[in-house]
Amino acid sequence: MREQNLYDLLEKFDLKTDVAGVKIAPYGGGHINSTFLVESEPKYILQKINTHVFPNPVELMRNIELVTNHLAKKLEKNGEDVTRGTYRVVKAKDGKNFVETENGDFYRVITFIDAISHENIEEPSELYRAAKTYGKFQKMLADFDADELFEVIPMFHHTPNRMKNLEKAIAENKSGRLDAVKDDVEFALSYKDRISAVVDGIADGSIPLRVTHNDTKLNNFLFDKETDECVCVIDLDTVMPGSLLYDYGDALRVGASSAAEDETDLEKVNFCIEPFEQFTRGLLESFAHEITERERALLPYSQLLMTFEVGIRFLTDYLDGDVYFKTAYPEHNIDRARNQFKLVRDIDARMDELNALVDKIYNEVK
Ligand code: ADP
Ligand code: GN1
Ligand code: MG
């Protein structure tokens, strides 16, 4: 879409200012939606919703409006700065929380929070601060009625189902790339009988379902530009009932890696224990009194699991011909998969050490 059309589109939203002539530029490093920063005063975020990934944008936006309204009420009650604690949905002039264009694209506008996201950590203590912010976020949603939420992507973190999707992609080999990735496929399949612990725990009740974020990678946290304080969690598209373990594991997947998710020099991609310790400490300080024994026992496993899960999702998308994640070049998805698998190997080799560290931290903070 040409930029001019974005101005026409913004006209349809109930903005506090005239945006004629202001700069509108692609923004952020997300893999799903198309995000633009509208540099008016105040600034806004304009997003084209990825309707391939989110085929029910109306329900998705209803979820986000409900969740952000709930968060705003809580923040206000706690005397906190609502404008930094969550983004808000800006309504269209017709009262809807999105604009649908003639060709069926869905756009939304949300308030811009003046803080930045990191693609990689700059120092381990960022993860302690992120865990505290996450803990607050999760607790604010603890009394949110989960029945109100539409399940935007069914079985989003059902790892055995993700494995089925990979097996289907292998069988179909739509992209014709299978031969080139035989080793990666073999590695992925070798984990097949080790990926059901969280779904099993949810099924037998030892792992409670909570209203969770489900996409807690590092760049979905915002940090203050000056103080590096962790301001809030954004990207609320996937807020759905889920396990705390999904959010914990996913945050550490990127947060405890020494390199970007698509670094191709795998010698540079290493699991780092300091951010792991920091995030675990922050999380357990928030949840020590309510985390179940099973959840606690599976903390290190969940990091392995979530890293593996995203790895097989990248591999699946590579085999399917790059239809899900945004890619910048043809081998992007396989580079990402190999990067995640390198981390899986690293984490797996250190499971005993990580389990002992979690026990130690738990005993210190409980
Ligand atoms: P995606 O679903 O594609 O990941 P996000 O909603 O995460 O899209 O947005 C992409 C990036 O844009 C984020 O990682 C963040 O850097 C930036 N961003 C998104 N929403 C806001 C906001 N309300 N305020 C400030 N920055 C934002
Ligand atoms: C996507 O939207 P973004 O870029 O924050 C994906 C996550 C993956 C992540 C991998 C809705 O997150 O599940 O973990 O890419 N989001 C969706 O980087 O599929
Ligand atoms: Mg994002």
Side-chain angles (χ1 to χ4, degrees), residues 25-39 42-57 60-61 63-64 68 71 82-90 106-120 130 151-159 162 165 212-225 231-240 242 246-247 249-255 257 260-263 303 305-317 323-328 332-333 335-337 339-340 343:
Y27 191 66
H31 294 346
I32 302 295
N33 299 301
S34 301
T35 302
F36 301 88
L37 176 62
V38 182
E39 295 194 33
K43 295 188 174 87
Y44 291 100
I45 292 283
L46 168 70
Q47 286 184 312
K48 180 177 165 189
I49 301 172
N50 182 332
T51 47
H52 175 70
V53 169
F54 300 115
N56 302 96
L60 167 84
M61 288 311 296
N63 278 2
I64 292 186
T68 50
L71 291 172
V82 181
T83 61
R84 277 174 90 69
T86 183
Y87 65 72
R88 304 304 297 275
V89 176
V90 177
F106 282 77
Y107 283 83
R108 66 179 167 216
V109 171
I110 57 178
T111 54
F112 173 76
I113 299 168
D114 191 15
I116 52 169
S117 57
H118 299 304
E119 294 299 322
N120 267 107
E151 195 176 10
V152 282
I153 305 180
M155 303 177 101
F156 189 59
H157 283 309
H158 193 296
T159 318
R162 295 284 184 188
N165 294 344
T212 48
H213 182 283
N214 297 305
D215 189 1
T216 48
K217 76 176 183 190
L218 190 67
N219 71 7
N220 290 329
F221 288 87
L222 293 183
F223 292 85
D224 187 275
K225 273 186 272 189
V231 175
C232 64
V233 195
I234 55 163
D235 198 347
L236 304 175
D237 290 331
T238 49
V239 173
M240 285 180 288
Y246 299 148
D247 286 350
D250 208 11
L252 282 169
R253 182 178 72 74
V254 176
S257 172
E261 192 186 57
D262 56 359
E263 171 61 57
Q303 191 197 344
L305 184 72
M306 295 310 296
T307 310
F308 177 78
E309 183 186 278
V310 173
I312 62 172
R313 289 176 62 197
F314 288 143
L315 179 57
T316 303
D317 199 30
V323 292
Y324 187 95
F325 295 105
K326 278 198 221 160
T327 49
H332 210 162
N333 270 319
D335 286 346
R336 290 167 173 156
N339 174 304
Q340 297 298 292
L343 288 170

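Ligands are counted one by one from 1 in listed order, and the atoms in each one are counted from 1 as well.
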- Item | R108, any N or O under 3.5 Å of ligand 1 N or O | no
- Would you say Y87 has any N or O atom under 3.5 Å from an N or O of ligand 1, going by distance alone? no
- Message: Using a 4.0 Å cut-off to any heavy atom of S117, which atoms of ligand 1 qualify?
- Response: 14 (O), 15 (C), 16 (O)
- Query: Which atoms of ligand 1 sit under 4.0 Å from any heavy atom of Q47?
  - Reply: 5 (P), 6 (O), 8 (O), 9 (O)
- Could you tell me the residue and atom name of the protein heavy atom closest to atom 23 (N) of ligand 1, and the distance to it rounded to 0.1 Å? T111 O, 2.9 Å
- Heavy-atom nearest neighbour in the protein, as seen from atom 10 (C) of ligand 1, with distance rounded to 0.1 Å: T35 OG1, 3.7 Å
- Message: Within ligand 1, which atoms have a heavy atom of Y27 less than 4.0 Å away?
- Response: 12 (O), 17 (C), 26 (N)
- Task: Test side chain to side chain donor-acceptor pair (under 3.5 Å) on N33 and D237 and set out the steps.
- Result: CA-CA 10 Å; N33 299 301; D237 290 331; 2.9 Å; yes
- Taking 4.0 angstrom as the limit, do E261 and R253 come out as a salt bridge? yes
- Query: Can you find an N/O atom of I45 closer than 3.5 Å to an N/O atom of ligand 1?
  - Reply: no
- Answer yes or no: is there a donor N or O on one side and an acceptor on the other, between the side chain of N339 and the main chain of E263, under 3.5 Å? yes
- Item | Nearest-neighbour protein heavy atom for atom 4 (O) of ligand 1, which is reported as residue plus atom name and distance | D235 OD2, 3.0 Å
- Message: Tell me the protein heavy atom at minimum distance from atom 3 (O) of ligand 1, and give that distance in Å.
- Response: N33 N, 2.8 Å
- D250 backbone acceptor or donor facing T216 side chain under 3.5 Å: no
- Item | Residue portion contacting ligand 1 (non-hydrogen atoms closer than 4.0 Å) for I234 | side chain
- Considering heavy atoms of the protein only, find what lies nearest to atom 25 (C) of ligand 1 and give residue, atom and distance to 0.1 Å. I113 O, 3.3 Å
- ligand 1 atoms in contact with N220 (distance to a heavy atom under 4.0 Å): 7 (O)
- Task: Write down, by chain and number, every protein residue that brings a non-hydrogen atom to less than 4.0 Å from an atom of ligand 2.
- Result: G30, H31, I32, F54, F156, D215, K217, N220, D235, T238, R253, E261, V310, R313, F314, Y324, F325
- Run the numbers for me: atoms of ligand 1, each under 4.0 Å from some heavy atom of N219, listed by number. 13 (C), 14 (O)
- Query: Please state which protein non-hydrogen atom is closest to atom 11 (C) of ligand 1 and give its distance, to 0.1 Å?
  - Reply: G28 CA, 3.8 Å
- Message: If we count only N and O atoms by modelled type, under 3.5 Å, do the side chains of Q340 and T307 hold a donor and an acceptor together?
- Response: no
- Are any of the heavy atoms in N50 under 4.0 Å away from ligand 1? no
- What are the atoms of ligand 1, with element, lying closer than 4.0 Å to any heavy atom of I110? 20 (N), 23 (N)
- Taking only residues two or more places apart in sequence, or in another chain, which ones meet D224 in a side-chain contact (heavy atoms from CB on, under 4.5 Å)? R84, E226, T227, E229, V231
- Are H213 and L236 side-chain neighbours, meaning at least one heavy-atom pair lies under 4.5 Å? yes
- I32 heavy atoms, cut-off 4.0 Å: which ligand 1 atoms fall inside? 2 (O), 3 (O)
- Message: For the backbone of F325 and the side chain of D317, can you confirm whether one donor and one acceptor N or O come within less than 3.5 Å of each other?
- Response: yes
- Query: Which residues satisfy the ring pair (Phe, Tyr, Trp, His ring centres under 6.0 Å) test with F54, sequence neighbours excluded?
  - Reply: none
- Would you mind running through ligand 1 and noting each atom that sits below 4.0 Å from a heavy atom of L222? 24 (N), 25 (C)
- Neighbouring protein N, O or S atoms of the Mg ion (ligand 3) [cut-off: under 2.8 Å, no waters]: N220 OD1, D235 OD2
- Query: Does one side chain, of R336 or N333, offer a donor that lies under 3.5 Å from an acceptor on the other?
  - Reply: yes
- Is there a side-chain contact between R162 and T316, using heavy atoms and a 4.5 Å cut-off? no
